[in-house]
Amino acid sequence: MSIYGEYTPTLQKILQELMTRFENLNKDQQLKTGDSLFEHLNGRVKTEKSMTEKCLRKKLPLTPYSALRENRDSIGLRIICNFIDDIYLCIQKINEMSDIKIVKKKDYITNAKTNGYRSYHLIVDITVPDVDIDGNVPGHYYVEIQLRTIAMDTWASLEHEMKYKHEVKNPELVSRELKRVADELASCDVSMQTIRKMIKEDN
Ligand code: 0O2
């Protein structure tokens, strides 16, 4: 029996529709302004294994209710932007979507985690025509949207890989180095943003 119960196909459907919608939004923006909203987009329904582990970690019963209501990242979208400003423009666009309500914001860009992790996280509540776990039609589903620059994403991928490699001989040094690189990349992101502004002002 799936931890998502009968809702697995709905989760996949919501993810696919959201991804298509964001891709279309990006195309519209390119046509209108010549600039992309984002560089690329990833999406996933959290695997059964990963959701089960998360519920066990949080001491939650292994039920669809825990997976879809107590946890709010069964559906995850990651939007990778070229520039920091684009992240905030994407958030503005999400804010304007009438079927989506932002219920939580975590700004790890202004307030980076101590390990150097940077990203902007949103938990949104999306209204869909399908039934939800509470029996409501239209239904409500949570989606976690992570927004980052390419630099932040590169760093997060490497750091994530590090976490699961237990044979690292000098973890303290590696963590310190990762933090240093995170700060350097953040500084590069700011510089790239400034250069783009300079180019735009010249035109
Ligand atoms: P996966 O496989 O990416 O989904 P919560 O979900 O609210 O119970 P938390 O930790 O408060 O848990 O959520 P938060 O801070 O919004 O972070 C959730 C996700 O952000 C993680 O998902 C990671 O994808 C990413 N993340 C957060 N901190 C770090 C970090 O220090 N390094 C990296 N590389 N990624 C981070 P999951 O559930 O861990 O996994």
Side-chain angles (χ1 to χ4, degrees), residues 2-4 7-8 10-12 14-16 18-19 22 38-81 84 87-88 90-91 94-95 100-126 133 140-168 171-186 188-189:
S2 161
I3 192 152
Y4 297 123
Y7 303 96
T8 309
T10 313
L11 297 177
Q12 293 291 354
I14 295 170
L15 174 67
Q16 281 317 315
L18 261 181
M19 288 186 71
F22 276 100
F38 56 84
E39 207 274 329
H40 70 276
L41 185 67
N42 295 323
R44 59 106 183 95
V45 170
K46 205 176 187 79
T47 62
E48 297 269 337
K49 182 170 177 276
S50 187
M51 182 54 83
T52 302
E53 281 167 7
K54 189 163 185 174
C55 289
L56 290 172
R57 205 166 56 240
K58 291 180 152 186
K59 301 194 174 11
L60 293 167
L62 301 180
T63 60
Y65 189 85
S66 301
L68 301 174
R69 285 289 181 260
E70 303 284 358
N71 286 314
R72 300 190 288 185
D73 63 348
S74 59
I75 303 171
L77 265 191
R78 191 170 284 157
I79 301 177
I80 317 299
C81 297
I84 299 169
I87 293 176
Y88 295 96
C90 283
I91 295 171
I94 294 167
N95 239 326
I100 287 181
K101 190 168 160 246
I102 297 175
V103 294
K104 191 171 176 185
K105 291 181 184 174
K106 275 195 203 169
D107 185 354
Y108 294 127
I109 296 178
T110 309
N111 303 300
K113 285 179 62 174
T114 47
N115 62 358
Y117 178 75
R118 286 171 173 82
S119 188
Y120 202 112
H121 294 187
L122 300 176
I123 302 291
V124 304
D125 174 337
I126 182 168
I133 183 89
H140 289 266
Y141 285 78
Y142 290 120
V143 180
E144 183 185 68
I145 306 180
Q146 299 182 348
L147 302 108
R148 333 167 152 162
T149 62
I150 297 170
M152 293 172 196
D153 191 51
T154 306
W155 184 92
S157 304
L158 191 59
E159 194 266 353
H160 186 261
E161 204 183 298
M162 251 281 301
K163 261 191 212 162
Y164 295 99
K165 286 213 190 312
H166 301 295
E167 76 276 18
V168 176
E172 276 164 29
L173 174 64
V174 173
S175 297
R176 209 163 51 238
E177 280 301 288
L178 273 171
K179 168 76 169 75
R180 185 180 61 76
V181 173
D183 294 343
E184 281 178 12
L185 289 172
C188 287
D189 267 338

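All ligand and atom numbering here is 1-based and tracks the order in the structure.
- Just one of Val143, Ile145, Leu18 meets the side-chain contact (heavy atoms from CB on, under 4.5 Å) condition when paired with Ile100; it is Leu18.
- Here is the list of ligand 1 atoms found below 4.0 Å of a heavy atom in Lys58: 8 (O).
- Between atom 26 (N) of ligand 1 and the options Tyr117, Tyr108, Trp155, the minimum heavy-atom separation is to Tyr117.
- A donor-acceptor pair is defined here as one N or O able to donate and one able to accept, closer than 3.5 Å; such a pair exists between the side chain of Arg118 and the backbone of Gly116.
- Listed by atom number, the atoms of ligand 1 under 4.0 Å from Lys113 heavy atoms are 27 (C), 28 (N), 29 (C), 30 (C), 31 (O).
- Any N or O atom pair closer than 3.5 Å counts here, and His121 shares at least one such pair with ligand 1.
- Every atom of ligand 1 is numbered from 1 in the order shown, and the set under 4.0 Å from a heavy atom of Arg78 is 3 (O), 24 (O).
- Without hydrogens or angle criteria, Ser119 side chain to Arg148 main chain gives no donor-acceptor distance under 3.5 Å.
- At the shortest separation from atom 32 (N) of ligand 1 among protein heavy atoms lies Glu159 OE1, 2.7 Å.
- Residues Arg180 and Glu184 are paired through a salt bridge, judged by an N-O separation under 4.0 Å between the basic side chain and the carboxylate.
- Heavy-atom proximity to Asp73, at under 4.0 Å, picks out these atoms of ligand 1: 6 (O), 38 (O).
- Side chain of Thr154 to main chain of Ile150: a donor-acceptor pair is present (N/O by atom type, distance under 3.5 Å, no hydrogens or angles).
- Of the candidates Arg148, Lys46, Arg118, Glu53, it is Lys46 that places a heavy atom closest to atom 37 (P) of ligand 1.
- Heavy-atom proximity to Ala156, at under 4.0 Å, picks out these atoms of ligand 1: 34 (N).
- Counting only non-hydrogen atoms, the option in Lys106, His160, Glu144 that gets closest to atom 7 (O) of ligand 1 is Lys106.
- Smallest separation of non-hydrogen atoms from Gly76 and Leu15: O-CD1, 3.8 Å.
- In terms of modelled atom types and a separation under 3.5 Å, the side chain of Glu144 and the main chain of His121 share no donor-acceptor contact.
- Protein non-hydrogen atoms do not reach within 4.0 Å of atom 39 (O) of ligand 1.
- The aromatic rings of Trp155 and Tyr117 sit tilted, their planes meeting at an angle between 30° and 60°.
- Within the 4.0 Å heavy-atom criterion, the part of Asn115 lying near ligand 1 is the side chain and not the backbone.
- In terms of N/O distances under 3.5 Å, ligand 1 is not approached by Lys104.
- Using a 4.0 Å cut-off between heavy atoms, Arg44 contacts ligand 1 through its side chain alone, with no backbone atom that close.
- With respect to Lys49 and Glu53, a salt bridge is recorded, a charged nitrogen being found less than 4.0 Å from a carboxylate O.
- Nearest protein neighbour of atom 6 (O) of ligand 1, counting heavy atoms only, is Lys54 NZ, 2.5 Å.
- Counting only N and O atoms by type, the side chains of Asn71 and Lys46 include no donor and acceptor under 3.5 Å apart.
- Scanning all protein heavy atoms for the shortest distance to atom 22 (O) of ligand 1 gives Gln146 NE2, 4.4 Å.
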